[in-house]
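Scroll down for the structure; my scribbles are underneath it.
We're numbering straight along the sequence, starting at 1. In listed order, ligands and their atoms are each counted from 1. All values derive from a computational prediction rather than experimental measurement.
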Amino acid sequence: MEGNILEIKTLKNYYELSSTVADIVEYQIQEEPLSRLVLPTGSTPLGLYEELVNRDLDWSSVMTYNLDVYIMNPNHPQSYQTFMKENLFNRINIYPSNCNFPDRNVQVYEERLKGTPIDLCILGIGSNGHIAFNEPGTSFDSRTQVVDLSEQTIQDNSRFFDSIDDVPTQAITMGLGTIMESKKIVLMANGQHKLNILNIAMNGDVTEEIPASILQTHKNVEVYYSD
Ligand code: PGA
C-alpha cells in the first residue's frame, strides 16, 4: 500500500510535547464546543492531561471516546476508566455520560462512533508499532474488537502493575479502520526508546506488521516527538 512519508516534528522536551498537543485540543474545543475527541491512556498523555486541566476550557459539550480498555474490573486502580477519571475527567467540567469507553458490546461502540464523526483523535505508539491495542498483524480494516495483548505489550505495561502476572491479557480496542475515520489525528511519542519505531512507522513501508504505518494513508495527521 502506498503512503505519504509523515514529518516527525521534534519538540524540545516533554513539556513542549504536552503543551503543543494541548494547544491543538484547546483550539479544537474553542472552534467547536460540541467536539468529539478520541483519547489515549498510558504514560505519554499524562503531561497533556495535566496541561489541559490547568487551562480554562469549557468541556460541558465535549464528547470523548477512549481508544481502548483492558478487560478487567473498571474500578481497578489500573483500569483505563480509573486512569481517565483521575487524570482528566474528575478535574474538568465534562459530563460523565459524555465519556465513552469501549465495552464488550463492540457493535454499540461502533454505532456510537459512526453516529458522531470524530473531530480529533490523539494517539500514542507502542514499542512494537501498535496504536490503541491494535497489535502487529491487525487488519488495516479492523473495527472495535476484543483482542489478545502481545507479549511485548504485556511486558511494556507491567511497569504499572505489582507483577507481570497481574497485567490483563485481553483488551477491547477501537480498530484501525475505526481510528482512520477520524477527521484529524495527532500522534504523540516521548522518549528515545520510541524513536526507532516512530521512524519506521512514519517513513517505512505501510504494512500491517507496523500498525501505525497506516497513518501514512490519512490526509490529516500530525506527529510530535520529544526525547
Ligand atoms: P505509553 O504507551 O504512552 O505508556 O508509552 C503508548 C502505547 O502503548 O500506545
Side-chain angles (χ1 to χ4, degrees), residues 6 8 10-11 13-22 25 37-52 64-72 77-84 86-88 101-102 120-138 142 144-145 147-161 164 166-176 178-180 182 185-202 208-215 218 221-227:
L6 288 168
I8 299 169
T10 302
L11 298 165
N13 51 40
Y14 181 61
Y15 174 72
E16 294 286 328
L17 174 72
S18 305
S19 62
T20 299
V21 179
V25 175
L37 308 181
V38 166
L39 298 177
T41 47
S43 44
T44 309
L46 282 169
L48 164 66
Y49 294 152
E50 194 60 38
E51 188 64 23
L52 288 172
T64 65
Y65 298 83
N66 265 77
L67 278 170
D68 47 19
V69 290
Y70 289 124
I71 295 188
M72 72 189 313
Q78 291 305 334
S79 79
Y80 285 171
Q81 291 90 338
T82 303
F83 174 100
M84 290 307 299
E86 286 180 350
N87 292 295
L88 188 65
F101 291 90
L120 174 63
C121 171
I122 312 288
L123 297 175
I125 182 169
S127 63
N128 59 3
H130 75 202
I131 47 177
F133 275 136
N134 294 291
E135 302 287 25
T138 304
S142 59
T144 303
Q145 61 177 334
V147 293
D148 294 328
L149 301 182
S150 70
E151 284 306 318
Q152 179 70 56
T153 297
I154 291 172
Q155 182 69 46
D156 287 351
N157 290 4
S158 63
R159 68 190 191 280
F160 298 112
F161 293 83
I164 193 160
D166 294 340
V167 184
T169 56
Q170 283 197 308
I172 312 167
T173 183
M174 279 173 68
L176 294 170
T178 323
I179 290 169
M180 288 292 285
S182 308
I185 297 177
V186 173
L187 179 81
M188 319 173 64
N190 176 240
Q192 288 184 358
H193 61 296
K194 294 282 177 77
L195 192 52
N196 188 37
I197 191 66
L198 193 59
N199 276 319
I200 292 170
M202 301 302 122
E208 289 178 350
E209 287 315 304
I210 310 285
S213 66
I214 188 63
L215 298 178
H218 193 283
V221 182
E222 291 174 22
V223 182
Y224 294 98
Y225 168 77
S226 65
D227 55 16

Could you grab the distance from atom CD1 of I185 to atom SG of C121, nearest 0.5 Å is fine? 5.0 Å
When you measure from the side chain of Y80 to the backbone of T41, do you find a donor-acceptor pair of N or O atoms at a distance under 3.5 Å? no
With the side chain counted from C-beta on, respond yes when L46 and N87 share a heavy-atom pair under 4.5 Å apart, and no when they do not. yes
Tell me if a side-chain donor or acceptor on S226 pairs with a main-chain N or O of L11 at a distance below 3.5 Å. no
Which value, rounded to the nearest 0.5 Å, describes the distance between Y70 atom OH and Q78 atom CD? 7.5 Å
Would you name the heavy atoms of I71 and P168 that are closest together and state the gap between them? O-CB, 4.0 Å
Report every pair formed by an N or O atom of ligand 1 and a protein N or O atom separated by less than 3.5 Å, giving atom names and the distance to 0.1 Å.
residue, atom, partner, partner atom, Å
ligand 1, 3 (O), S43, N, 3.3
ligand 1, 3 (O), T44, N, 2.9
ligand 1, 3 (O), T44, OG1, 2.5
ligand 1, 4 (O), S43, N, 2.9
ligand 1, 4 (O), S43, OG, 2.9
ligand 1, 4 (O), R159, NH2, 2.9
ligand 1, 5 (O), K194, NZ, 2.6
ligand 1, 8 (O), H130, NE2, 2.7
ligand 1, 9 (O), H130, NE2, 3.4

